[in-house]
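To start, I am sharing the structure in question, which I have written as structure tokens.
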Amino acid sequence: MRLLTALEGAYGDSADALRIDGYAMSREQLLGAATAVAERVAGAPALAVLARPSAETVVAVVGGLLAGVPVVPLPPDSGPKEREHILRDSGATLLAGGQASADDGIETFAVELGARSGGSFAEPAPERTAFVLYTSGTTGAPKGALIPRSAVAAGLDGLAAAWQWTAEDTLVHGLPLFHVHGLVLGVLGALRTGSRLVHTGRPTPEAYAGARGSLYFGVPTVWSRVVADRAAAEALGSARLLVSGSAPLPVPVFERLAALTGRAPVERYGMTESLITVSTRADGERRPGSVGLPLDGVRTRLVGEDGGAVPHDGETVGELQVAGPTLFTGYLNRPDANAESWTADGWFRTGDVAVIGPDGFHRIVGRASVDLIKSGGYRIGAGEVESALRDHPAVADAAVIGAPDPDLGQAVVAYVIADGVVTGDQLTAFVAERLSVHKRPRRVVLVDELPRNAMGKVLKKQLLDLG
Ligand code: MLC
Ligand code: AMP
């Protein structure tokens, strides 16, 4: 079976099977333009795609997948530090969209939406890499997670079963196209289930309300903005399913969304490395604060600090470990990170702390490390932001935390020892230019010293208490 089944014409077609940021195209048009890209890139070691929320991005991604070339989505606002790392580390030789910089050593090309090729490619083997998705760790530069085609297929089929997601649906979202949520679920999901797709460019309450879909995806920040806009929330009452994920959905937001739309949201849990593994179901209980049950084929377990099994009593916390067909195959060029992430018996350590009830329902309690921050659903490594801050000539040292934030869940806050001339706003702009804009500190606190323990390690707990 092909990965993108809907492109075979199995579910019919329409002139606006895919609408993205105002541009509509049929699946036939998408296939023709993407096949032209596939002919251009076939045989390349990897294809980087400047992942703006545009039809060009979808065509380029599908082109890479048709040709069996690993696709490397590049955040469109990534600054030179992040961009150079992703391009070099991934081994990409081609970049779709965007401009080459003199020292990239990479060939760029523009995607032609009007191109049509009738050629065809044999379906690449399921074990081939579909994507190299860059994601932050606690320290250092982002790691490239290798996602095989088989994981994408299994993950999407599990979600289609859990959410009764079919070709009858119109999926609406406005999430970025360089992460699992917006790209794998939000684009490939439509191209596998055959549902129509409306991408709103940005995930604003007004755009969601105006799109009139049956199935909506959002991160908790999006849902908390929707419930603050009563008219928009009420307009979503005609939808079949509202899905939240990528970060914890606060219970008050869950309840308000249910009250305003008449629809309790479905919450699901996942990671770049594992795709979506746990979800509440369209035909099952949707419990506030809970992410539900493992998807078909996925296994989960809780492990205590002593390495022993933790009872599924709904109270005892443990590290969540996952196994099954949706898992990545490893991090590119990172044997150290691979060794740390997998157990001897083949389970992936998520780094999330959870409880499982006797009824099998999972509740995510938090992350084991304070150094992985989730802000607006984006995963941000404290170490990466600290390192960018230390690159500023006026900065002597920096410590970054994720402070609780009513809009973003967590906000990146930096405590910085600097020479007294530089301002917080300048440091924020410095990070936004070098990394991605969403990694910038929302607040910079200039301090004379950082609280440290006897070993010299910064006491982040104390900084969190400061807020
Ligand atoms: C602001 N801007 C700046 C800037 N400050 N630009 C340059 N320098 C600065 N200092 C600009 C931005 O570029 C942007 O422009 C605009 O201001 C607003 O940016 P923002 O303030 O960062 O947006 P915000 O409103 O905070 O975004 C909220 C959000 C966003 C919810 C829309 O956080 C988001 O899209 N989150 C989704 C993350 C996601 O998809 N995660 C899934 C990971 S996968 P412009 O022009 O762009 O408006 C995963 C697996 C799973 O987790 O389980 O799903
Ligand atoms: P990313 O790699 O960006 O996909 O981020 C994965 C992380 O997001 C997970 O390890 C969790 O910490 C967090 N996450 C995703 N979905 C949820 C959820 N529904 N509830 C709580 N945390 C979540």
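Whatever order the structure lists ligands and atoms in, that order sets their numbers, starting from 1.
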- Query: Can you tell me if CZ on R212 sees more than 12 non-hydrogen neighbours from other groups inside 6.0 Å?
  - Reply: no
Atoms of ligand 1 under 4.0 Å from any heavy atom of H181, numbered from 1 in the order shown, are 42 (C), 44 (S), 54 (O)
Going by the 4.0 angstrom heavy-atom rule, the piece of H179 near ligand 2 is neither
Taking only non-hydrogen atoms of G270 and a 4.0 Å limit, the atoms of ligand 1 in range are 53 (O)
Closest to atom 17 (C) of ligand 2 (heavy atoms only, candidates A354, S290, A247) is A247
message: When you compare the side chain of I401 with that of V370, does any pair of heavy atoms fall below 4.5 Å?
response: no
Just say parallel, tilted or perpendicular for the rings of H438 and F178, cut-offs at 30° and 60°. parallel
Among G270, S279, S369, the residue with a heavy atom nearest to atom 6 (C) of ligand 2 is G270
min-distance protein heavy atom vs atom 32 (C) of ligand 1 -> P203 CG, 3.6 Å
**Message:** Centre-to-centre under 6.0 Å for Y134 and H85, is that the case here?
**Reply:** yes
Does E267 have a heavy atom less than 4.0 Å from any atom of ligand 2? yes
The protein heavy atom nearest to atom 3 (O) of ligand 2 is K374 NZ, 3.2 Å
Original post:
Under 4.0 Å from atom 6 (N) of ligand 1, do we find at least one protein heavy atom?
Top reply: yes
Short check: is a protein heavy atom less than 4.0 Å from atom 16 (C) of ligand 1? no
V180 near ligand 2 by a heavy-atom separation under 4.0 Å
no
protein heavy-atom neighbour closest to atom 16 (N) of ligand 2 works out as S246 N, 3.2 Å
Side chain to side chain donor-acceptor pair (under 3.5 Å) pairs touching residues 278-291, sequence neighbours excluded, are W163-S279, E285-R287, R287-D359
If you scan protein heavy atoms around atom 1 (P) of ligand 2, the nearest is T272 OG1, 3.4 Å
Residue, atom and distance of the protein heavy atom nearest atom 49 (C) of ligand 1 read S246 OG, 3.6 Å
When distances are taken from atom 9 (C) of ligand 2, the protein heavy atom at minimum range is D352 OD2, 3.2 Å
Within-cut-off N or O pair, G376 and ligand 1, under 3.5 Å: yes
So ring pair (Phe, Tyr, Trp, His ring centres under 6.0 Å) across residues 290-330, not counting sequence neighbours, yields F328-Y331, F328-W342, F328-F348
* Is the number of heavy atoms from other residues, nucleotides or ligands under 6.0 Å of R149 CZ greater than 12? -> yes
**Asked** Does an N or O anywhere in S375 fall below 3.5 Å from an N or O of ligand 1?
**Response** no
Nearest heavy atom to atom 24 (P) of ligand 1, choosing from H173, E433, R225, belongs to R225
TODO: Report yes if some N/O of R202 lies less than 3.5 Å from some N/O of ligand 1; otherwise report no.
DONE: yes
Check: of S136, G292, P248, min heavy-atom distance to atom 21 (C) of ligand 2 comes from P248
Closest to atom 52 (O) of ligand 1 by heavy-atom distance, out of R440, R379, H179, K374, is K374
Quick check: H438 and ligand 1, any N/O pair under 3.5 Å apart? no
Counting heavy atoms under 4.0 Å, the part of H181 that contacts ligand 2 is neither
Could R299 and W347 be counted as a cation-pi pair, given that NZ or CZ must be under 6.0 Å from the ring centre and within 45° of the axis?
yes
Partner of L215 under side-chain contact (heavy atoms from CB on, under 4.5 Å), picked from V172, T170, V243, L242, is V243
Numbered in order shown, the ligand 2 atoms found under 4.0 Å of a heavy atom of V291 are 19 (N)
Next on the checklist: I want to check something: taking the side chain as every heavy atom from C-beta on, are P250 and P220 in contact at a cut-off of under 4.5 Å?
Outcome noted: yes
Nitrogen or oxygen of T272 less than 3.5 angstrom from that of ligand 1: no
With heavy atoms and a 4.0 Å threshold, my read on which part of T135 contacts ligand 2 is side chain
**Prompt:** Are T277 and Y269 side-chain neighbours, meaning at least one heavy-atom pair lies under 4.5 Å?
**Reply:** yes
When distances are taken from atom 19 (N) of ligand 2, the protein heavy atom at minimum range is R268 O, 2.8 Å
Atoms of ligand 1 under 4.0 Å from any heavy atom of V437, numbered from 1 in the order shown, are 2 (N), 3 (C), 4 (C), 6 (N), 7 (C), 12 (C), 13 (O)
**Message:** A side-chain contact here means heavy atoms from C-beta on lying under 4.5 Å apart; do R434 and F430 qualify?
**Reply:** yes
### Message
Yes or no, since that's all I need: does a protein heavy atom fall within a distance strictly under 4.0 Å of atom 45 (P) of ligand 1?
### Response
yes
- Is atom 29 (C) of ligand 1 less than 4.0 angstrom from some protein heavy atom? no
Ligand 1 N/O within reach of V222 N/O, cut-off under 3.5 Å
no
Per-atom filter on ligand 1: closer than 4.0 angstrom to a heavy atom of A432 are 8 (N), 9 (C), 10 (N)
heavy-atom search around atom 2 (O) of ligand 2 in the protein gives R379 NH1, 2.5 Å
Exercise. For residues T204 and R225, determine if any side-chain heavy atom of one lies less than 4.5 Å from a side-chain heavy atom of the other.
Key: no
